[in-house]
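The next block holds one structure in the form of structure tokens; read it before the comments.
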Amino acid sequence: MNRKLLMALFSIMLMSVLAACGGSDKAGDDSETPADAGGEKDVYTVATDNGYVPFEYIDEDSGELVGFDIDLITAVAEEAGVEIEFETLDFDGIVAGIGSGRFDIAIAGMTITEERQESIDFTQPYYEAGLILAVKEGNDDIKSIEDVEGKTVATRTGSTSQEYLTANTEAKIEAFPGIIEAYQNVLAGRADAVLYDLPNVQFYSETEADNELKTVGEKLTGEDYGIAFPKGSELRDDFDEALTTLKENGTYDDIYKEWFGEAPKEK
Ligand code: GLN
């Protein structure tokens, strides 16, 4: 009987230990304040996009999430000593979700903008992009952003390109949840042009569109990508520091070369 009692006591103790362990995760999920309010987590969720070549996309052969951002955040998290897991969703959902603290971290070719900085904390820039207009090969009507008045210009919902078109042009803007839909509309002749981040337009055109998407005019803006966190996140400084280390020790250059073929001009 004594033995039985002991066993019973032991299982109660074990159960409370397990409950306490599970509890730390739950506390994080339920917490009202964003990011890390429940203390350190075992695994942090990284929100990312699944259709933004070559930064984050699903590799057709392997079915895996791959890309420059994926390799970079994996290396940065490792350097910072933090476990991560990915969750993919539409870009506007990522921006909203990181701002509200639904995710711990986001990396999605996300441009650092003043407006986003009101609800999001970013690391230092890790990639310099910019917006470019593109049309279907053979379209000689549109030679630059000056020519889009009254034309249908496709882009992505919640992107800096959508904002640029709204603020600076008289184009008919068609915004899609995924940028690939925007490109497909241009290639199918349903939209006259697309405005998006230069590296994405180029990579998509080369790898997915037989170079049928032709960039026109000058790069319109400078856009710095940053790793994003909810405002006040304690992870930001650790990740920023880890990013600095990787820029200094050559890891960043290696990842960059792997995806873009040459070392970055500046970091
Ligand atoms: N750089 C753009 C932005 O931040 C687009 C990013 C994306 O589509 N993943 O709005």
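Scope of the values below: all heavy atoms of this structure, side chains included, with no hydrogens, waters or symmetry mates. Remember, it's 1-based here, ligands and their atoms both numbered in the order they're listed. Bear in mind that the values here come from a model prediction, so they are computed numbers and not experimental data.
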Quick one: closest heavy-atom pair of T251 and A75, and the distance? CG2-CB, 4.3 Å
Could you check whether the rings of F260 and Y127 sit parallel, tilted or perpendicular, using 30° and 60° as the cut-offs? tilted
Are Y256 and F68 close enough, and set up right, to give a ring pair (Phe, Tyr, Trp, His ring centres under 6.0 Å), and what steps lead you there? CA-CA 7 Å; Y256 193 102; F68 174 74; 5.8 Å; yes
Does D59 have any side chain to side chain donor-acceptor pair (under 3.5 Å) partners at least two apart in sequence or in another chain, and if so, which? S62
Does the gap between the ring centers of Y225 and F55 come in under 6.0 Å? yes
If the threshold is 4.0 Å, N to carboxylate O, is there a salt bridge linking D92 and R156? no
Expected contact list for ligand 1 at under 4.0 angstrom, heavy-atom basis, is D49, Y52, F91, A108, G109, M110, T111, R116, R156, S159, T160, Y196, D197, Y225
